[in-house]
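First up is the structure itself, then whatever we jot down about it.
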Amino acid sequence: MDIPEPNPAHALLPELDVPSKPYGRRAFLGLATLGSLGILIGNREAAVTKATVGKLAKYDPTGLAQELPLNDTRWTIFTVTDGYPSRSHAKYRLAVTGLVDRPLDLSYAELRSRKATHMTKDFQCVTGWRVERVPWVGVLLSDLLHEAGVKPSAKALRLKSFDGEYTESLTMQQAMRPDMLVAYQLEGRDLTREHGGPVRLYAAPMYGYKSIKWLESIEVVDSATSGYWEQRGYDIDAWVGKSNGRDDAAT
Ligand SMILES: Nc1nc2c(c(=O)[nH]1)N[C@H]1C(S)=C(S)[C@@H](COP(=O)(O)O)O[C@H]1N2
Ligand SMILES: [Mo]
């Protein structure tokens, strides 16, 4: 089952329209099942919390609810593919290409040898859940861009995931902010596979869909293009509290 194409008008109110939410296909299948179970127990909202998933899993005839991790009730893990792609630290590479003077092709060790930046900030998904005070460690996106040497004609970034599906974009001005991190640690340990390890983006001031997981390449280009969810109705400029018709507190 594929996620139905969301109606951009409804995407302005994502929490009211399940098919337009950026849940992964599997999560969506699980939530669709749990949603109907939730009605039976009279608590539809609780279907998105993992504590509830834990309690309901044994009633889920599809078994899909079991695939939502049960050990952390704060995060919802998303993927748009059939699973979580895997790349070892030894095989991982991050490419920075396009309109740059010195293209980069960094190993995981080379990325880790760059200056580390720590930041502790909230993570907010456009569907409403928020994880407060998350400690991240990584390399500032702007540090990598300065190392590569961005040409004057460069206006935006096109980011790709090694899941083979997910893409994102940032304007150059956004990318150069001091709260855009190419992250390799989350909550004191190396990024897990489900959270997008070895390396993902953490776009702190923006809704979670900008924080592309399993990051494999950053192409510097002359104009911004829509990423995966933007092609499906979400705003390209995804400022928390100032986009997608939402009024959340800034992160
Ligand atoms: N490759 C990839 N990156 C992704 C997504 C995804 O499905 N695939 N989902 C996005 C969305 S909508 C959110 S809210 C966050 C969720 O991060 P988490 O799965 O670590 O909780 O990842 C973002 N990055
Ligand atoms: Mo999200």
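Every number for a ligand or one of its atoms is a count from 1 in the order of the listing.
If you look at Y207 next to ligand 1, there are no close heavy atoms at all, none under 4.0 Å. Contact annotation: for Y234 versus ligand 1, there are no heavy atoms closer than 4.0 Å. Using a 4.0 Å cut-off between heavy atoms, R200 contacts ligand 1 through its side chain alone, with no backbone atom that close.
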Would D248 and Y207 count as a side chain to side chain donor-acceptor pair (under 3.5 Å) here? Give the steps. CA-CA 10 Å; D248 306 287; Y207 285 110; 2.5 Å; yes

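Across V134, L186, T76, D72, heavy-atom proximity to atom 21 (O) of ligand 1 is greatest for T76.
The main-chain N or O of V220 is never found under 3.5 Å from a side-chain atom of K151 such that the two would form a donor-acceptor pair. Between the side chain of T120 and the backbone N or O of R133 there is no donor-acceptor pair closer than 3.5 Å. Judged by distance alone, the side chain of D235 and the main-chain N or O of D237 form no donor-acceptor pair under 3.5 Å. The closest donor-acceptor contact from the side chain of D222 to the backbone of A154 lies at 3.5 Å or more, if one exists at all. With hydrogens and angles disregarded, a donor-acceptor distance shorter than 3.5 Å links the side chain of R246 to the backbone of V126. Without hydrogens or angle criteria, K210 side chain to E168 main chain gives no donor-acceptor distance under 3.5 Å.
At under 3.5 Å, a nitrogen or oxygen of F78, whether backbone or side chain, sits near a nitrogen or oxygen of ligand 1. At a 3.5 angstrom cut-off on N or O pairs, D163 counts as close to ligand 1. For ligand 1, the polar-atom distance check against W229 finds no nitrogen or oxygen pair separated by under 3.5 Å. At least one N or O atom of K213 sits closer than 3.5 Å to an N or O atom of ligand 1. For ligand 1, the polar-atom distance check against S211 finds a nitrogen or oxygen pair separated by under 3.5 Å.
Look at Y228 and you'll find every heavy atom at least 4.0 Å from all atoms of ligand 1.
Heavy-atom contacts of V80 reach the following atoms of ligand 1: 7 (O) (cutoff under 4.0 Å). Taking every non-hydrogen atom of S161 and a distance limit under 4.0 Å, the qualifying atoms of ligand 1 come out as 1 (N). Per-residue contacts place T79 under 4.0 angstrom from the following atoms of ligand 1 (heavy atoms of the residue considered): 7 (O). Near C125, the atoms of ligand 1 lying under 4.0 angstrom from a non-hydrogen atom of the residue are 14 (S). Applying the 4.0 Å criterion to heavy atoms of W129 picks out, from ligand 1, the atoms 14 (S), 21 (O).
By the 6.0 Å contact criterion, CZ on R189 is open, its count of non-hydrogen atoms from other residues, nucleotides or ligands being 12 or less. The number of heavy-atom neighbours closer than 6.0 Å to CG of D247, taken from other residues, nucleotides and ligands shown, is 12 or below.
Under a cutoff of 6.0 Å and an axis angle of 45°, R200 and Y202 do not form a cation-pi pair.
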